[in-house]
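Right, one structure below, let's go through it.
All chains are named by letter (A, B, ...) in the order of the sequence lines, taking the proteins before the strands, and each is independently numbered beginning at 1.
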There are 2 protein chains.
Amino acid sequence: MNSQTPPQTNPPAPIAPLNKGLGFTAHAIQRANIAALGWNLLREDLSLPSAVLCEDKLLHNLNWMQQFITAYGVKLAPHGKTTMAPRLFDLQLQGGAWGITLATAHQTLVAYTHGVRRILMANQLVGKENMAIIGRLLRDPEFEFYSLVDSAEQIAQLGAFYSKQSQRLRVLLELGVAGGRAGVRNEEQLQSVLAALSRWSGSIALRGIEIYEGVLDNEASIRTFLQHAVAVTRRLAAEKRFDSEPILLSGAGSAWYDVVADVFSAANFGDSVEIVLRHGCYLTHDIGAYRHAQASILERNPIARRMSSSLLPALQVWAYVQSVPEPDKAIIAMGKRDAAFDSGMPVPALHFRPGDLAPRAAPEHWLVTKMMDQHAYLQMTANDDLRVGDMIGFDISHPCLTFDKWRTLPVLNIQFDVVDIVDTFF
Amino acid sequence: MNSQTPPQTNPPAPIAPLNKGLGFTAHAIQRANIAALGWNLLREDLSLPSAVLCEDKLLHNLNWMQQFITAYGVKLAPHGKTTMAPRLFDLQLQGGAWGITLATAHQTLVAYTHGVRRILMANQLVGKENMAIIGRLLRDPEFEFYSLVDSAEQIAQLGAFYSKQSQRLRVLLELGVAGGRAGVRNEEQLQSVLAALSRWSGSIALRGIEIYEGVLDNEASIRTFLQHAVAVTRRLAAEKRFDSEPILLSGAGSAWYDVVADVFSAANFGDSVEIVLRHGCYLTHDIGAYRHAQASILERNPIARRMSSSLLPALQVWAYVQSVPEPDKAIIAMGKRDAAFDSGMPVPALHFRPGDLAPRAAPEHWLVTKMMDQHAYLQMTANDDLRVGDMIGFDISHPCLTFDKWRTLPVLNIQFDVVDIVDTFF
């Protein structure tokens, strides 16, 4: 690549045999040849622990969300930071996503390199090399990129960088709330940002408004915040502050996307405003915070309620029982290196003894009480039939912090055959 | 590789330009050419956040520990699960380490593939493909491998597998404590394991005794546990239960290695027993649990006290201030994806404003109060001079769960030049 041309799109790299959670292969293999290896989880062909994706549930979730989004007539740019798996970005884009949301310049580079051409970086772009990464990608006229601004200082730094490159960066203004994360809190900050945008209009183009409502924790305050975003959008549109139309209006983490869809679509902006939601955890879902959030969505949202199903947990971590040193305690060969632990411990879902025909549902009283780097403590009762060498499939809470512990995740069909591999780029 | 020959040692792979925390390079580069790229952290050549290793402190820690170990006349097999960085395994082996400790079959495969030929897997080996991984490596007669046993069931599974392969696996018997992790708790379990070892003596060779004292939290109970391990070693040696000499006696996580060295060496076994310590966090150290533990070691251990220095934190995560939305709060572009958070939050150590000559010490009242996937909240006071675009170098707590968030870590000299890259294999 010469310094004046944008980076090329890479062909998919072969699967490296040194990643954990895979089966045996003497050489790096192309993804197209994975299914032919004939790996099966229940035949113990994988080196456990292994994080696996259930193909049918993944596709179910993909379709469920696309239906929901379509019903509201809004766009979806799923947050790619959850999985950082270009193979899943492809699936989401083919399933109708408007673009992919990401959190950093590095993540943007990964997605671009794998063919994604519309990216909303829902974050402030800061730092010389991070700006340079985006600058190199912007040499591709096909590449559509948005990032956030929330201070005059940051705009001045972006303006100085991109004016030198004779490039123009599209930005969304982030609105925030007191006690929250980034984003403009008040009128004084807003005026300061608008003034900076005027000063740097040659290199910075204001294209919309962005919020992250997930810093709030109740529906009433979230609705107020969303209404504020709608009002600011109307006002800045009336003041002709936006560089062009359609104006983007974006919100939504994975817990309140229905309320965001509801309030933003009820504003009836018409074609002048494009509403972009950004939730990312729906694709694998979980059995912790997001299952809880989804239950609330089904309760309060009429469109979700009319749909005949809901999201399903599509990501599991499988591991062996390595020791049963006390009658009511098993030690599992799975640790903080393998599954998220910050938002609830992994939950035993399936129990399989090698040689059996099929896994059984794990008893509900089996409980992970502690995790160390490479181990989990499972509490059971003394007469439970659990042995060294048994396999347990754990549902997890917080997919983001589970994906980032794996470089390759086998995709399983309902017979537990490995039909594909998803690789991640963290 | 054909199925009858062991895997080959790989030449170092080139550094992939898609990993986070690096500078710009159009193509994958060989590690030998890294320094020639001229990347410097303070010139903002790296895409932050970036986890960096301080070369001088790393070498200091390496030497400190080798001196300590030598003073006790024991062996060190540093726990490689901490870093999973073959480049650092090399450094430890060249610095005098007896071997490398690891936690899983996958980790063993990674180390073997990078040239390590003596590995203590301080864990129960369980599962068909995991046993197969080790079986393939054992075809190399130069490969010396030990793993743990603690139940008759597990020994029977290992015995059945390796007898079919006509291979013999060297094992250490793990002793445990009530309420702890794995390991034999009582005489009944011990007899059951010894009987299983007799049954499977053709394919399983008992070579020593292992404990992990880190499941206990006070010196008195740890000394009692260590004395128990010494007594069991003596008794099984007298009963001729070990397959050959020297017998291995192994213990030590990163918090109590001095007590382990003290008790085990005071047993005066002579040449018939080789004492192997396994602590792994000393190489990078930290400013959390391990700084605290090391302070206790300096207090109670005469040899550590006589040494003119102690361990130094050699791993930092650098990140940008992306927003200062409230006078006493900055949002940092570094999250749970970038630094451990389970044993204390990252601590601001250095503050650098691009263009300045050198970083300054960060004020002690700067405090990370919250971390999200990609962000940290920094609490400060309203008149602190901290701006968007400033860089902060964070010391971290718990190196293991920081290393596993990075595929490549730049190594810096004291001028903050990138002089090497360490890649990890998680």
Side-chain angles (χ1 to χ4, degrees), chain A residues 1 18 20 23-24 26 44-48 81 103-106 109-110 113 123-124 126-130 132-133 150-151 153-154 157 176 178 180-185 320-326 331 333 336-337 341-342 354 372-375 377 387-389 400-401 404-405 407 425-426, chain B residues 1 18 20 23-24 26-27 44-48 81 103-106 109-110 113 123-124 126-130 132-133 150-151 153-154 157 176 178 181-185 320-326 331 333 336-337 341-342 354 372-375 377 387-389 400-401 404-405 407 425-426:
Chain A
M1 183 171 79
L18 277 189
K20 66 178 180 174
F24 174 64
E44 297 192 87
D45 293 328
L46 302 181
S47 161
L48 303 189
K81 63 131 187 176
T104 69
H106 163 258
L109 174 64
V110 167
T113 307
N123 220 352
Q124 282 69 27
V126 179
K128 191 181 87 174
E129 179 54 23
N130 290 331
I133 288 173
D150 73 344
S151 71
E153 176 68 40
Q154 187 222 348
Q157 290 173 17
R181 206 163 65 186
V184 160
R185 293 336 194 215
Y320 284 109
V321 176
Q322 69 175 76
S323 182
V324 186
E326 296 170 19
I331 305 300
K336 291 179 173 178
R337 247 85 186 272
F341 56 90
D342 67 319
M372 302 174 83
D373 286 359
Q374 311 276 166
H375 302 86
Y377 289 21
R387 272 193 227 157
V388 170
C400 309
L401 288 199
D404 64 13
K405 296 170 200 296
R407 301 188 188 191
F425 293 81
F426 286 98
Chain B
M1 181 172 83
L18 277 189
K20 65 179 180 172
F24 173 65
H27 304 285
E44 295 192 88
D45 292 329
L46 301 181
S47 162
L48 303 188
K81 62 129 187 177
T104 69
H106 163 259
L109 174 64
V110 167
T113 308
N123 220 352
Q124 281 71 25
V126 179
K128 190 182 88 173
E129 178 53 24
N130 291 330
I133 288 172
D150 73 344
S151 70
E153 176 67 39
Q154 186 222 350
Q157 291 173 17
R181 206 163 67 188
V184 160
R185 289 345 190 210
Y320 284 109
V321 176
Q322 70 176 75
S323 181
V324 186
E326 297 169 19
I331 305 299
K336 290 179 173 178
R337 247 84 187 272
F341 56 90
D342 68 319
M372 301 174 82
D373 285 359
Q374 311 276 166
H375 301 86
Y377 289 22
R387 270 191 229 158
V388 170
C400 310
L401 288 198
D404 65 13
K405 296 169 200 297
R407 301 189 189 190
F425 293 80
F426 286 99

Does any heavy atom of chain B fall under 4.5 Å from the side chain of [X], the backbone, both, or neither of them?
{"X": "R181(A)", "answer": "both"}
{"X": "D150(A)", "answer": "side chain"}
{"X": "S47(A)", "answer": "both"}
{"X": "L46(A)", "answer": "backbone"}
{"X": "A333(A)", "answer": "neither"}

- Task: Decide yes or no on side chain to side chain contact (heavy atoms under 4.5 Å, CB included) for K20(A) and T104(B), but give the supporting numbers first.
- Result: CA-CA 10 Å; K20(A) 66 178 180 174; T104(B) 69; over 6 Å; no

With no hydrogens and no angle check, is any side-chain donor or acceptor of [X] less than 3.5 Å from a backbone partner on [Y]?
{"X": "N130(B)", "Y": "L48(A)", "value": "yes"}
{"X": "E44(A)", "Y": "K128(B)", "value": "yes"}
{"X": "D404(B)", "Y": "K405(A)", "value": "no"}

Contacting moiety of [X], where chain A heavy atoms sit under 4.5 Å:
{"X": "R387(B)", "value": "side chain"}
{"X": "V321(B)", "value": "backbone"}
{"X": "Y320(B)", "value": "side chain"}
{"X": "R407(B)", "value": "both"}
{"X": "F426(B)", "value": "both"}
{"X": "Q154(B)", "value": "both"}

- Does a donor on one side chain and an acceptor on the other come within less than 3.5 Å for N123(A) and Q322(B)? yes

- Closest contact, heavy atoms only, V388(B) versus Q157(A): O-NE2, 2.8 Å

- Message: For S323(A) versus G183(B), what's the shortest heavy-atom pair and its separation?
- Response: OG-N, 4.2 Å

- Among V324(A), I133(A), D342(A), which residue forms the greatest number of heavy-atom pairs with chain B at distances under 4.5 Å? D342(A)

- May I ask you to name which of K336(A), E153(A), E326(A) has the most heavy-atom pairs under 4.5 Å with chain B? E326(A)

- Message: Does any part of the side chain of C400(A), heavy atoms only, come nearer than 4.5 Å to the side chain of R337(B), both counted from C-beta?
- Response: yes

- Message: As a quick check of understanding, evaluate side chain to side chain contact (heavy atoms under 4.5 Å, CB included) for F24(A) and E129(B), giving each step before the final call.
- Response: CA-CA 8 Å; F24(A) 174 64; E129(B) 178 53 24; 3.4 Å; yes

- Task: For each of G23(B), A105(B), G127(B), tally heavy-atom pairs with chain A at distances under 4.5 Å, and name the one with the top tally.
- Result: G127(B)

- Query: Can you tell me how far the CG atom of D373(B) sits from the NZ atom of K81(A), to the nearest 0.5 Å?
  - Reply: 3.5 Å

